[in-house]
Amino acid sequence: MKNFEWKADNAEETIGFAERIGLLLEAGDVITLEGDLGAGKTTFTKGIAKGLGIAKTVNSPTFTIIKEYQGKLPLYHMDVYRLKDSEEDLGFDEYFEGDGVTVVEWAHLIEDQLPVEFLQIQLFYDNTSGRKIVLSPKGSRYMQLCKELFE
């Protein structure tokens, strides 16, 4: 499938782009975020939360693994970086198939538990404060979302 790229010069632009994605999301959507430490995964999630109408401060669930926020749809924010075993049963499928939007940081660590269709987003350093954001849709739902986003 085709990849889509976006450049953001600062954190505000990253949040703004992610907010646009958040406005397009539906119950059951799964977004995976990959990138080096400090690349902006949690910042990106803040933008998605803004698009979902979540007023509460979003921060990294590194030590709790999953945080839930309420907006027009629930947001399930996961950071699986500290999981020791991808086979650990934390009920991921209940979130992926639930009534909210799931965002998974470091998703490659639970690749075998991800649904067949999801939107993979990779964040790369582009300069000192900028980011290159690459969206890789996995499935027709996410291809359509990307086309809508980039029209």
Side-chain angles (χ1 to χ4, degrees), residues 1-8 13-54 56 58-62 64-126 131-151:
M1 288 202 148
K2 177 183 175 184
N3 288 341
F4 298 82
E5 288 189 17
W6 182 265
K7 299 240 186 211
E13 287 183 11
T14 299
I15 289 171
F17 180 65
E19 181 180 1
R20 289 179 44 213
I21 292 173
L23 291 169
L24 298 173
L25 295 175
E26 301 173 354
D29 281 343
V30 176
I31 308 295
T32 66
L33 298 176
E34 299 288 347
D36 292 333
L37 284 171
K41 294 178 293 297
T42 299
T43 298
F44 200 90
T45 304
K46 289 177 183 184
I48 289 174
K50 193 172 178 183
L52 292 173
I54 295 168
K56 190 173 179 185
V58 172
N59 50 36
S60 179
T62 301
T64 58
I65 301 175
I66 301 170
K67 286 189 177 180
E68 296 183 23
Y69 302 92
Q70 292 302 314
K72 71 177 184 181
L73 292 171
L75 172 63
Y76 309 119
H77 183 197
M78 302 178 182
D79 182 334
V80 298
Y81 184 77
R82 296 197 183 279
L83 285 183
K84 290 183 175 62
D85 183 359
S86 75
E87 295 299 314
E88 206 170 322
D89 185 10
L90 297 174
F92 292 127
D93 55 334
E94 292 176 30
Y95 290 98
F96 299 150
E97 297 167 12
D99 60 350
V101 170
T102 305
V103 174
V104 185
E105 296 185 26
W106 304 100
H108 70 278
L109 297 172
I110 61 163
E111 189 172 19
D112 54 335
Q113 295 186 49
L114 292 172
V116 174
E117 294 194 7
F118 58 92
L119 179 58
Q120 179 185 55
I121 298 175
Q122 296 172 288
L123 295 105
F124 301 97
Y125 293 104
D126 194 37
R131 300 291 182 268
K132 178 172 84 169
I133 302 165
V134 179
L135 287 72
S136 303
K138 311 296 182 194
S140 59
R141 156 77 184 122
Y142 300 102
M143 177 58 81
Q144 184 58 39
L145 186 148
C146 286
K147 286 179 180 176
E148 208 173 318
L149 186 64
F150 284 88
E151 283 183 340

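Just so it is clear, the values below take in all heavy atoms, side chains as well, and ignore hydrogens, waters and symmetry mates. Starting from 1, each residue takes its place in the sequence as its number.
Considering CZ of Phe124 and CZ of Arg131, their distance stands at 12.0 Å, rounded to 0.5 Å. Between atom CG of residue Leu73 and atom CD of residue Glu26 there is a gap of 8.5 Å, rounded to the nearest 0.5 Å. Summarising the geometry, atom CG belonging to Leu149 is positioned 14.0 Å from atom OH belonging to Tyr142; distances are rounded to the nearest 0.5 Å. Note that the NZ atom of Lys50 and the CG atom of Leu23 stand 10.0 Å from one another [nearest 0.5 Å]. Between atom CD1 of residue Ile54 and atom OH of residue Tyr69 there is a gap of 8.5 Å, rounded to the nearest 0.5 Å. For the atom pair OH (Tyr95) and CG (Leu75), the distance works out to 11.5 Å, reported to the nearest 0.5 Å.
Nearest approach of Lys7 to Glu13, heavy atoms of both residues: O-OE1, 4.2 Å. Closest non-hydrogen pair, Thr14 versus Ala8, comes out as OG1-CB, 3.4 Å. A pairwise comparison of heavy atoms in Val58 and Lys46 identifies O-CE, 2.9 Å as the closest pair. For Tyr76 against Asp99, the heavy-atom pair with the smallest separation is OH-OD1, 2.7 Å. Of all non-hydrogen atoms in Ser60 and Asp79, the two that sit nearest each other are OG-OD2, 3.3 Å.
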Please set out all donor-acceptor pairs under 3.5 angstrom arising from side-chain atoms of residues 133-141, sequence neighbours excluded.
unit_1 : atom_1 : unit_2 : atom_2 : d
Ser136 : OG     : Asn3   : OD1    : 2.8
Arg141 : NE     : Asp29  : OD1    : 3.1
Arg141 : NH2    : Leu24  : O      : 3.2
Arg141 : NH2    : Asp29  : OD2    : 2.6

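Only one option out of Ile48, Leu119, Val30 pairs with Val103 in a side chain to side chain contact (heavy atoms under 4.5 Å, CB included); it is Ile48. When each of Thr42, Ile31, Thr102 is checked for a side chain to side chain contact (heavy atoms under 4.5 Å, CB included) with His77, only Thr42 meets the rule.
Taking the side chain to side chain donor-acceptor pair (under 3.5 Å) definition, one finds that Asp36 meets it with nothing, sequence neighbours left out. Listed by chain and residue number, nothing satisfies the salt bridge (Lys or Arg N to Asp or Glu O under 4.0 Å) test with Lys56 (two or more places apart in sequence, or in another chain).
The aromatic rings of Phe17 and Phe44 sit perpendicular, their planes meeting at an angle over 60°, well past the 30° parallel limit.
No side-chain donor-acceptor contact under 3.5 Å links Glu5 to the backbone of Lys132. With Glu68 contributing its side chain and Pro74 its backbone, the two residues share no donor-acceptor pair below 3.5 Å.
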Please evaluate residues Val80 and Phe92 with respect to the criterion side chain to side chain contact (heavy atoms under 4.5 Å, CB included), reporting the C-alpha separation (whole Å), side-chain torsions for both, the decisive distance (0.1 Å), and the verdict.
CA-CA 11 Å; Val80 298; Phe92 292 127; 3.9 Å; yes
Checking side chain to side chain contact (heavy atoms under 4.5 Å, CB included) for the pair Leu123/Thr43: CA distance, chi angles, key distance, verdict?
CA-CA 11 Å; Leu123 295 105; Thr43 298; over 6 Å; no
